[in-house]
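Structure record follows, encoded as structure tokens.
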Amino acid sequence: MKIASFNINGIKARLPRLLEWLEETKPDVACLQEIKTQDEGFPAAEFEKIGYGAIWHGQKSFNGVAILTRDQQPEETKRGLDGEPEDEHSRYLEANVTAPGGGTVRVASIYLPNGNPQPGPKFDFKLRWMKRLRNRASEIWREEIPAVLAGDYNVIPRDNDVFSVKAMENDALMQPESRQAYQRILHDGWTDALGVTYPAGKIWTYWDYRSGGWQRDQGFRIDHLLLSPLAADHLRSCGVDKEHRGREKASDHAPTWVELNL
DNA sequence: ATGCCATCCACCGGATGA
């Protein structure tokens, strides 16, 4: 079972590329971030045409997450995180999905706040949001089910997950507080699939549009798939569809995925 | 220190992103 995470940076601008990627790589589940549209503008019919059911949590202009599932409809289990009622960003969506073998897998599509500039209120919001995410992750963990928390975490976990530590040293993505908050979730028992599979790092999931980031292969790893123990036990492989980042009108992120033997 | 590029909305420049 293949589960992917893809920050598409605008579902309207990206639709042809997104449909192309789905047809070429056929993920069973695609967790999307930055759909950047209100609920009414979500092109559900386009996905249905190629055999994907969907749920989505939209917002005007910014943020927005969705979950697409092949040959089935996701069963929504959570929309938004608890703990901050005044937070109106659409950044979290969660569902149960049926695995090919018949079992159930919980998946979440996560768009964690960027947090720049730091220090400041946006960075504080990021850290609060990470605490709320950790609380939700713990609830899922205690259910003892196969689960995959997939998304754009906006965290560079290690120094070897970035092309230049110096270039990014003041960025919210790699502040010690951001890394610690991420690490706490891992310490709770979640497995960063690409992190453990490629301990030497140098695997990027994002390349900036500016400064020729793609052309120079200057990127970093911020899109992560965190596996519960029952998912991690069955990790077969994982990777990044890097080639898709180099296409015309590409997102600045590449699709990132895990394959589980469930 | 800032712009670099791309997206969105809405009216063409400002906000946001990472």
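Numbered from 1 within each chain, the chains take letters A, B, ... in sequence-line order. Values reported hereafter were calculated over all heavy atoms of this structure, with side chains retained and with hydrogens, waters and symmetry mates removed.
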Distance, rounded to the nearest Å, where [X] contributes [atom1] and [N] contributes [atom2]:
| X | N | atom1 | atom2 | result |
| --- | --- | --- | --- | --- |
| Asn7(A) | dC8(B) | CG | P | 12 Å |
| Gln33(A) | dT16(B) | CD | C1' | 17 Å |
| Leu15(A) | dC8(B) | CG | C1' | 16 Å |
| Ile11(A) | dT7(B) | CD1 | P | 14 Å |
| Met168(A) | dG17(B) | CE | C1' | 11 Å |
| Ile35(A) | dG17(B) | CD1 | P | 16 Å |
| His253(A) | dG17(B) | NE2 | P | 11 Å |
| Asn63(A) | dG17(B) | CG | P | 7 Å |

For atom [atom1], what is the distance between [N] and [M], given to the nearest Å?
| N | M | atom1 | value |
| --- | --- | --- | --- |
| dT2(B) | dA6(B) | P | 22 Å |
| dA10(B) | dA1(B) | P | 34 Å |
| dT7(B) | dC12(B) | C1' | 14 Å |
| dC4(B) | dG13(B) | P | 14 Å |

If you check the [X] side chain, which of [options] turns out closest?
| X | options | result |
| --- | --- | --- |
| Ser61(A) | dT7(B), dG17(B), dC9(B) | dC9(B) |
| Lys60(A) | dA10(B), dT7(B), dG17(B) | dA10(B) |
| Tyr209(A) | dC8(B), dC4(B), dA6(B) | dA6(B) |
| Lys36(A) | dA6(B), dC8(B), dG17(B) | dC8(B) |
| Phe62(A) | dT7(B), dT16(B), dG17(B) | dT16(B) |
| Lys122(A) | dT16(B), dC8(B), dC5(B) | dT16(B) |

Report which part of the nucleic acid [X] touches: base, sugar-phosphate, or nothing (heavy-atom distance under 4.0 Å, all strands).
| X | answer |
| --- | --- |
| Asn154(A) | sugar-phosphate |
| Asp223(A) | nothing |
| Tyr111(A) | sugar-phosphate |
| Lys249(A) | sugar-phosphate |
| Asp152(A) | sugar-phosphate |
| Ser211(A) | base |

- Ser109(A) side chain to Gln33(A) side chain, donor-acceptor N/O pair below 3.5 angstrom: yes

- Query: Is the closest side-chain donor-acceptor distance between Asp192(A) and Tyr182(A) under 3.5 Å?
  - Reply: yes

- Heavy-atom nearest nucleotide on DNA chain B taken for Asp171(A) and for Lys12(A); more 5' hit belongs to Lys12(A)

- Query: Given that Asn116(A) and Ala250(A) both sit by DNA chain B, which one's nearest nucleotide is further toward the 5' end?
  - Reply: Ala250(A)

- Parallel, tilted or perpendicular: rings of Phe47(A) and Phe42(A) (30°, 60°): tilted

- At under 4.0 Å, does any side-chain N or O of Arg14(A) touch on OP1 or OP2 of dT7(B)? yes

- Min side-chain heavy-atom separation Pro176(A)-Arg179(A) under 4.5 Å: no

- Message: Run the ring-ring contact (aromatic ring centres under 6.0 Å, His included) test on Trp21(A) and Phe6(A) for me, step by step, so that the C-alpha distance in whole Å, both residues' side-chain angles and the decisive distance to 0.1 Å come before the verdict.
- Response: CA-CA 10 Å; Trp21(A) 169 72; Phe6(A) 192 4; 5.1 Å; yes

- Task: I would like to know whether Asp171(A) and Asn116(A) meet side chain to side chain donor-acceptor pair (under 3.5 Å); could you show each step before the answer?
- Result: CA-CA 7 Å; Asp171(A) 197 285; Asn116(A) 281 307; 2.9 Å; yes

- Stepwise ring-ring contact (aromatic ring centres under 6.0 Å, His included) check, Phe125(A) with His89(A): CA-CA 11 Å; Phe125(A) 175 63; His89(A) 291 190; 5.3 Å; yes

